[in-house]
Amino acid sequence: MEKIPILKINDCLLVSIQVDLYDQLAIDLQNDLLLKVQKTKARGVLIDISALSIVDSFMGHILYQITKVTRLMDATTVVVGMQPAVAITLVELGMDLDGIQTALNVEKGFEWLNQHLSGKD
């Protein structure tokens, strides 16, 4: 059974998706991530999707759900590394992504999280 690693860095969690994300793996990632947020009391979650060249409506929905549910668990999520084709696809699919914080790359995402979590944004 394939799993996507979730790394704890200070009070944040880093998820770097480096494989094709099929539906069950996306659901497992969501469940694993929420358990990890609860267990570690992480305040920030950074999801790196730079290796994904294709995102369908289901994956867009999962990203949206992760963002909303982690917010309910008092953690802020940033999605980083979105390729142009993925961004265009999500817009063309008409995905409602309001409230999803994005950043260009992992470095920018951590900068934003650190500022947000310290109340400087």
Side-chain angles (χ1 to χ4, degrees):
M1 185 170 137
E2 196 170 18
K3 285 208 169 253
I4 296 176
I6 302 170
L7 306 175
K8 185 173 185 315
I9 301 173
N10 298 321
D11 60 351
C12 294
L13 299 176
L14 171 62
V15 179
S16 184
I17 302 170
Q18 299 294 314
V19 296
D20 289 334
L21 204 55
Y22 52 89
D23 291 358
Q24 187 58 52
L25 186 58
I27 292 168
D28 292 345
L29 171 62
Q30 180 181 15
N31 293 333
D32 293 346
L33 185 56
L34 297 177
L35 289 172
K36 194 83 168 190
V37 167
Q38 179 187 34
K39 182 179 177 181
T40 64
K41 298 179 177 37
R43 296 184 57 223
V45 175
L46 193 142
I47 301 174
D48 176 15
I49 63 169
S50 60
L52 297 182
S53 57
I54 298 172
V55 172
D56 62 11
S57 60
F58 183 77
M59 183 57 202
H61 181 70
I62 289 290
L63 287 173
Y64 181 76
Q65 278 189 307
I66 288 172
T67 301
K68 294 300 179 185
V69 175
T70 54
R71 183 78 248 153
L72 289 173
M73 296 176 72
D74 199 27
T76 300
T77 298
V78 180
V79 177
V80 304
M82 189 176 300
Q83 294 187 23
V86 170
I88 291 168
T89 299
L90 290 174
V91 170
E92 286 177 348
L93 289 171
M95 298 292 303
D96 178 12
L97 302 174
D98 285 345
I100 293 183
Q101 181 65 42
T102 60
L104 190 58
N105 54 39
V106 171
E107 182 181 4
K108 296 287 184 189
F110 272 122
E111 281 177 18
W112 186 88
L113 266 177
N114 287 332
Q115 289 177 352
H116 177 76
L117 296 176
S118 66
K120 295 179 182 172
D121 65 336

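Worth knowing before you read on, the calculation uses all heavy atoms, side chains too, and leaves out hydrogens, waters and symmetry mates. Computed from a prediction, not measured in an experiment: that's the story for all the values here.
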If you take all heavy atoms of S57 and M95, which pair is closest and at what distance? O-CE, 3.7 Å

Within a strict 4.5 Å, meaning less than it, do heavy atoms of the V45 and M73 side chains meet? no

What I'd like to find out is whether the side chain of E2 reaches to under 4.5 Å of the side chain of L25, using heavy atoms alone. yes

Straight-line distance of R43 CZ to L117 CG, nearest 0.5 Å: 4.5 Å

May I ask you to decide if Q38's main-chain N or O and K36's side chain share a donor-acceptor pair within less than 3.5 Å? no

Taking the side chain as everything from C-beta on, heavy atoms only, tell me whether V79 gets closer than 4.5 Å to Q101. no

Nearest 0.5 Å please: distance from the CG atom of D20 over to the OG atom of S53. 7.0 Å

Can you find a pair of side-chain heavy atoms, one from V78 and one from H116, that are under 4.5 Å apart? no

Is the shortest side-chain heavy-atom distance between W112 and L46 below 4.5 Å? no

I47 versus L29: any side-chain heavy-atom pair under 4.5 Å? no

Answer yes or no: are there more than 12 heavy-atom neighbours, outside D11 itself, under 6.0 Å from its atom CG? yes

Once rounded to the nearest 0.5 Å, what's the spacing between atom NZ of K3 and atom CG of D28? 6.0 Å

Which atom of T89 lies closest to which atom of V55, heavy atoms considered: CG2-O, 3.4 Å

